[in-house]
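All values below were derived from every heavy atom in this structure, side-chain atoms included, with hydrogens, water molecules and symmetry-related copies excluded.
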Amino acid sequence: QLQLVESGGGLVQPGGSLRLSCAASGFTLDRYAIGWFRQAPGKEREGLSCFNNSGVTTNYASSVKGRFTISRDNAGNTVYLKMDSLKADDTAIYYCAARAVYCSTSGTGFSSWGRGTQVTVSS
């Protein structure tokens, strides 16, 4: 059974930093791509970035480019999202998701999802 568990969310002040983790079990990251997404109340789910099994990253959202960085700890089956220079509009539930082998350019085709972790950016 494939399972993804997000952690690392919480309350952070504007301009601060946070690192999210996505721990995967039931499969190896060598054969899957892991993407990060977020959804704020009243808004559609937004793809942020993806890390595939060959170490190639895909960025989906211009709003976080240069501030958010995805990385992978292959040995630990964990994918990270390092978030810097956080803004109030970064407040959302953040999800990680998996698809086979490669990231899609449109952020579609992710079939396995975690439950999400809340990130709140506020002073």
side-chain contact (heavy atoms from CB on, under 4.5 Å) partner of Arg38, chosen from Glu46, Arg45, Lys43: Glu46
So Val79 and Trp36, do their side chains get closer than 4.5 Å, heavy atoms only? yes
Is atom NZ of Lys82 surrounded by more than 12 heavy atoms (other residues, nucleotides or ligands) closer than 6.0 Å? yes
Do the side chain of Arg99 and the main chain of Thr108 share a donor and acceptor less than 3.5 angstrom apart? yes
Check the angle between the aromatic planes of Tyr94 and Phe68 and answer parallel, tilted or perpendicular using the 30° and 60° thresholds. tilted
Could you go step by step and tell me if Ser49 and Thr57 meet the side chain to side chain contact (heavy atoms under 4.5 Å, CB included) rule? CA-CA 7 Å; Ser49 62; Thr57 61; over 6 Å; no
If you define the side chain from C-beta out and look only at heavy atoms, does anything of Arg72 sit under 4.5 Å from Asn52? no
Sub-3.5 Å donor-acceptor pair from the side chain of Gln13 to the main-chain atoms of Ser123, do we have one? no
Just by distance, do the side chain of Thr91 and the backbone of Val121 share a donor-acceptor pair under 3.5 Å? yes
Please check if Ile34 and Tyr60 belong to a single hydrophobic cluster, counting links between Ile, Leu, Val, Met, Phe, Trp and Tyr side chain heavy atoms closer than 4.5 Å. no
Do you know the tightest heavy-atom contact between Ser112 and Leu4? O-CD1, 3.4 Å
Could you tell me whether a side-chain N or O of Gln39 sits under 3.5 Å from a main-chain N or O of Ile93, the two making a donor and an acceptor? no
Interatomic distance, Phe51 atom CZ to Cys96 atom SG [nearest 0.5 angstrom]: 14.5 Å
When you compare the side chains of Ser17 and Asp84, does any donor N or O come within less than 3.5 Å of an acceptor on the partner? yes
Output the distance between atom OG (Ser122) and atom CG (Asp90), rounded to the nearest 0.5 Å. 12.5 Å
Contact summary for Cys50 and Ala33, nearest pair of heavy atoms: SG-CB, 3.8 Å
For Met83, the option from Thr69, Leu48, Val64, Leu20 that meets side-chain contact (heavy atoms from CB on, under 4.5 Å): Leu20
Would you say the ring centers of Trp113 and Phe37 fall short of 6.0 Å from each other? yes
Could you tell me whether the side chain of Ser104 reaches within less than 4.5 Å of the side chain of Phe110, counting heavy atoms only? yes
Look at the side-chain heavy atoms of Ile, Leu, Val, Met, Phe, Trp and Tyr, link any pair under 4.5 Å apart, and say whether Tyr95 and Val119 land in one connected group. no
